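Taking it in order: structure first as structure tokens, then the write-up.
Every heavy atom of this structure was used, including side-chain atoms; hydrogens, water molecules and symmetry mates were not. Since the structure is predicted, the reported quantities are computational estimates derived from the model, not experimental observations. Per chain, numbering begins at 1; letters A, B, ... match sequence-line order.
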Protein chains: 2
Amino acid sequence: MPSPAPLRRPGGRTARIRQQVLDAVLAELGEHGFDGLTMEAVAARAGVHRATVYRRWGDVGGLLADVLVAAGDDDWRPPDTGSLIGDLAALNQEIYDALVAEPSVVAALIAASFRSAQAELAQRRLWEDRYERCEVVVSRAVERGELPPHTDARRLLIAATAPLYHRLVLLHTPPDPDLPGDAARTAVLAASAGAFAVGGT
Amino acid sequence: MPSPAPLRRPGGRTARIRQQVLDAVLAELGEHGFDGLTMEAVAARAGVHRATVYRRWGDVGGLLADVLVAAGDDDWRPPDTGSLIGDLAALNQEIYDALVAEPSVVAALIAASFRSAQAELAQRRLWEDRYERCEVVVSRAVERGELPPHTDARRLLIAATAPLYHRLVLLHTPPDPDLPGDAARTAVLAASAGAFAVGGT
DNA sequence: CCGTTATTGCGACAACTGTTACATTAGGAT
DNA sequence: ATCCTAATGTAACAGTTGTCGCAATAACGG
């Protein structure tokens, strides 16, 4: 006889409460930013008792981790504009918009990844997923003949997007509308010069 | 009669206690990372009463901000290897070493900048100072004829260093010894292609 | 519909955090 | 040396945070 199922009850109330709590987290995040995110406030806004939130999510990091897991369940796809520079510029524009939003939920999630191992792991998985979905941008460019074969897609993508995160998230420089396009153009130039060639080709 | 001096007493005991506390912060940071940094623990290790730390620094962010201010008072200069690629690679190697140290004080300070406006401001000033000192690397390369004049030094430096921070701090990918050199090489290729040209030249 | 029990609500509790008033110490000037 | 007072030490305090045992509720299987 197989083990008679773990006897979990994810239906009805449990699912409803999870949704209420995650919504409350996003709302609190939007209003008070990450620093203002308290277990107490989340529970109150969700109309749930403190103890419930503590029991199911443990701490703020657990809450954010669950939010990140839920955020990964979408059908996002990278832009498809017909050219590499266009795709990268559009992708960077999306990132830019998310980062300069006030307050930025994305920035708050990044901040959270420094305070909780759970959130950090969820964050890493989400990012891995996003970059993997983006690799098609590079393969399409290769097919169009814009790039040499054996181009390291990941390194190219990181070169294109890293300056955005670095300036807006770490350096906290004031937003510059040229940033997305400039970074995209720089990466394409480097790629054309063979900066991301892999193997001995 | 001019105002008779603010009547501060920065000498003797006050200076000594500041040093004790800042040392304690770095020590705690090295042992328990940023999450383990408590006002209580810092005070205890410094042999000072809690109330003193609260009065002078306010909170953890204030402590880190003061550490960052103290960290800026040094005579650091960027590497001078004789070539742009060499300078950037050496610079990136310094950054790499600081970021992969376990535990990394630099990473902890970055994390702190997300939790405290004070620390964030101090961090921004320190970074501004560092990047400014690095601009000589670019001007030397221009003088040597390695780069066209009117090259945007700041954008070049950020393009060279951003991938390091992005991978190691945000993406948390495992350390790769090739990273510093690869990022430096990519930036130089882009620069040679005129990616950072400024003005109409 | 009924019974089992996972899940939540509830309230009390200890531990921790940050503040305050007052006493004590020591820097700096005369 | 002596005085003034800035800076620190001390202890008590309210507010917050996280945990626990127990009662109430509702999901799931029959």
Please report, rounded to the nearest Å, how far the P atom of C:dT8 is from the CE atom of A:Met39.
13 Å

Can you tell which of B:Arg133, B:Gln123, B:Arg154 makes a side chain to side chain donor-acceptor pair (under 3.5 Å) with B:Glu128?
B:Arg154

Nearest listed nucleotide, side chain of B:Thr52, among C:dG11, C:dT17, D:dT8
D:dT8

Taking the minimum atom-to-atom distance to the side chain of A:Ala51, which one of D:dA27, D:dG18, C:dG11 wins?
C:dG11

Test applied, side chain to side chain contact (heavy atoms under 4.5 Å, CB included); reference residue, B:Leu168; option that passes from B:Asp176, B:Leu99, B:Ile95
B:Leu99

Angle between ring planes, A:Phe114 versus B:Phe114, binned at 30° and 60°: parallel, tilted or perpendicular?
parallel

Angle between the end axes of the helix from C:dC1-D:dG30 to C:dT30-D:dA1, five pairs per end, to the nearest 10 degrees?
40°

Rounded to whole Å, NE2 of B:His49 lies from P of C:dT25 at a distance of 15 Å

As a test of reading the structure: which of C:dC10, C:dT8, C:dT17 is closest to the side chain of B:Glu40, going by heavy atoms?
C:dT17

Decide yes or no for B:Glu94 and B:Pro79: does some side-chain heavy atom of the first lie under 4.5 Å from some side-chain heavy atom of the second?
yes

Return yes if some donor-acceptor pair links the side-chain N/O of B:Arg55 with the main-chain N/O of B:Arg50 below 3.5 Å, else return no.
no

The side chain of A:Arg50 is closest to which nucleotide in this list: D:dT8, C:dT8, D:dT19?
D:dT19

B:Arg55 near the nucleic acid: base, sugar-phosphate alone, or nothing, with a heavy-atom cut-off under 4.0 Å?
base

So, is A:Tyr54 near the phosphate of D:dG18, with a side-chain N or O under 4.0 Å from OP1 or OP2?
yes

Taking atom CZ of B:Arg125 as the centre, does the number of heavy atoms from other residues, nucleotides or ligands within less than 6.0 Å exceed 12?
no

